[in-house]
Amino acid sequence: MRVKICGLTQSAQAVAIANMGASVLGFICVKQSPRYVAPETIGQIVQTLPDVDRFGVFANASLDTIQQTVAIGNLNGVQLHGQESPKDCQTVRGALPGVELIKALRIRSPEDLNQVQAYVPYVDTFLLDAYHPEQLGGTGHTLDWQSLQSFRPQRPWFLAGGLRPTNIGHALSLLSPDGIDLSSGVENAPGDKNLTKVAQLFDVLRACP
Ligand SMILES: O=C(O)c1ccccc1N[C@@H]1O[C@H](COP(=O)(O)O)[C@@H](O)[C@H]1O
């Protein structure tokens, strides 16, 4: 299972988290977020990293912005976390072949899962996050895990939304996602990761059946 830790802003923390076992690191490229990092800073952090996947998280960004950030930041994945349509995903995929494309869907009710099918031809991976009326992501709110038990998309998927070392065991006792994504659940403050909590997370994952 892939483990993605999102909202990195500091090189030393990113290196430590990769060395603890994270397989994907996420950088928030949404300017309104307190976790925003500029493309040049991402590039500097990425230079220091061991072999790990590096994703930029965007919301309703222009293709130009996404392409430039991927190039400057040396990213190998793009997570679209806004209201991007299947056509938008098709455009990003066409412009960035070889870059993994994740479409994040913010789930308010089980019916929201029906939109997944329309994205299948254009994305590599899905990510399910909790819906919040004022925040795009990093909300710390959990999904209704029970309602996802029959979710079987035709692409690999990440579970996100309010995951913490203290609830990940319960989530994984109900669901078998291809990956998990944590941000605020392993932080001291937005963008400042708590390495003790990240270590606790990996302890729990090692103990999971
Ligand atoms: O973290 C942010 O500030 C953010 C801003 C805009 C879009 C997405 C954002 N974060 C994503 O939110 C999920 C879950 O976060 P949490 O674990 O509930 O805090 C994660 O995928 C982040 O990539």
Side-chain angles (χ1 to χ4, degrees), residues 1-10 13-14 17 22-39 41-42 45 52-62 65-66 69 73 75-84 88-89 92 100-108 112 123-145 148 155-172 175 177-194 197-198 200-202 204-205:
M1 188 181 64
R2 298 169 86 185
V3 179
K4 174 168 175 279
I5 304 292
C6 212
L8 279 308
T9 61
Q10 301 174 30
Q13 291 186 350
I17 289 169
S23 41
V24 187
L25 298 183
F27 299 94
I28 304 297
C29 307
V30 180
K31 282 199 175 150
Q32 301 90 320
S33 167
R35 302 178 181 86
Y36 173 76
V37 265
T41 309
I42 298 173
I45 296 174
V52 64
D53 287 329
R54 310 158 310 273
F55 276 71
V57 178
F58 300 86
N60 310 317
S62 69
T65 299
I66 296 171
T69 309
L75 300 172
N76 68 346
V78 164
Q79 175 176 325
L80 300 180
H81 213 98
Q83 285 88 33
E84 299 85 4
D88 295 330
C89 294
V92 172
E100 183 176 347
L101 182 57
I102 295 188
K103 179 68 187 100
L105 298 167
R106 297 181 302 132
I107 305 301
R108 201 181 336 191
D112 288 338
V123 307
D124 298 297
T125 308
F126 287 106
L127 181 147
L128 300 188
D129 192 9
Y131 176 83
H132 186 285
E134 278 126 40
Q135 282 170 263
L136 279 171
T139 67
H141 287 234
T142 52
L143 285 154
D144 175 3
W145 301 323
L148 300 178
R155 293 281 179 270
W157 68 286
F158 280 84
L159 177 67
L163 298 175
R164 302 181 286 276
T166 49
N167 68 9
I168 193 69
H170 184 207
L172 295 178
L175 299 170
D178 301 282
I180 53 172
D181 179 333
L182 293 87
S183 182
S184 57
V186 288
E187 280 183 337
N188 297 314
D192 177 16
K193 296 300 166 196
N194 180 318
K197 288 186 182 172
V198 179
Q200 277 167 4
L201 168 74
F202 283 103
V204 174
L205 293 178

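All heavy atoms count here, side chains included; hydrogens, waters and symmetry mates do not. First listed ligand is number 1; within each ligand, the first listed atom is number 1.
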May I have every N or O pair linking ligand 1 to the protein at under 3.5 Å, one per line with atom names and distance?
unit_1, atom_1, unit_2, atom_2, d
ligand 1, 1 (O), R35, NH1, 3.2
ligand 1, 3 (O), S33, OG, 2.6
ligand 1, 3 (O), R35, NH1, 2.9
ligand 1, 10 (N), G138, N, 3.3
ligand 1, 12 (O), D129, OD2, 3.4
ligand 1, 12 (O), G138, N, 2.8
ligand 1, 15 (O), G138, N, 3.4
ligand 1, 17 (O), S183, N, 3.1
ligand 1, 18 (O), G140, N, 3.0
ligand 1, 18 (O), G162, N, 2.9
ligand 1, 19 (O), S184, N, 2.9
ligand 1, 19 (O), S184, OG, 2.5
ligand 1, 21 (O), Q79, NE2, 3.4
ligand 1, 21 (O), D181, OD2, 2.9
ligand 1, 23 (O), Q79, NE2, 3.3

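No donor-acceptor pair closer than 3.5 Å links the side chain of R108 to the backbone N or O of R106. Judged by distance alone, with hydrogens and angles left aside, the side-chain atoms of N60 form a donor-acceptor pair with the main-chain N or O of Q83 at under 3.5 Å.
Checking E100, R155, R2 one by one against T125, the side chain to side chain donor-acceptor pair (under 3.5 Å) holds for a single residue, E100.
Applying the side-chain contact (heavy atoms from CB on, under 4.5 Å) rule to H141 yields the partners A130, H132, T139; only residues at least two apart in sequence or on another chain are considered. Under the salt bridge (Lys or Arg N to Asp or Glu O under 4.0 Å) criterion, D88 pairs with no residue at all, not counting sequence neighbours.
For residues 181-194, the pairs satisfying salt bridge (Lys or Arg N to Asp or Glu O under 4.0 Å) are K4-D181, R35-E187, E187-K193, with sequence neighbours left out.
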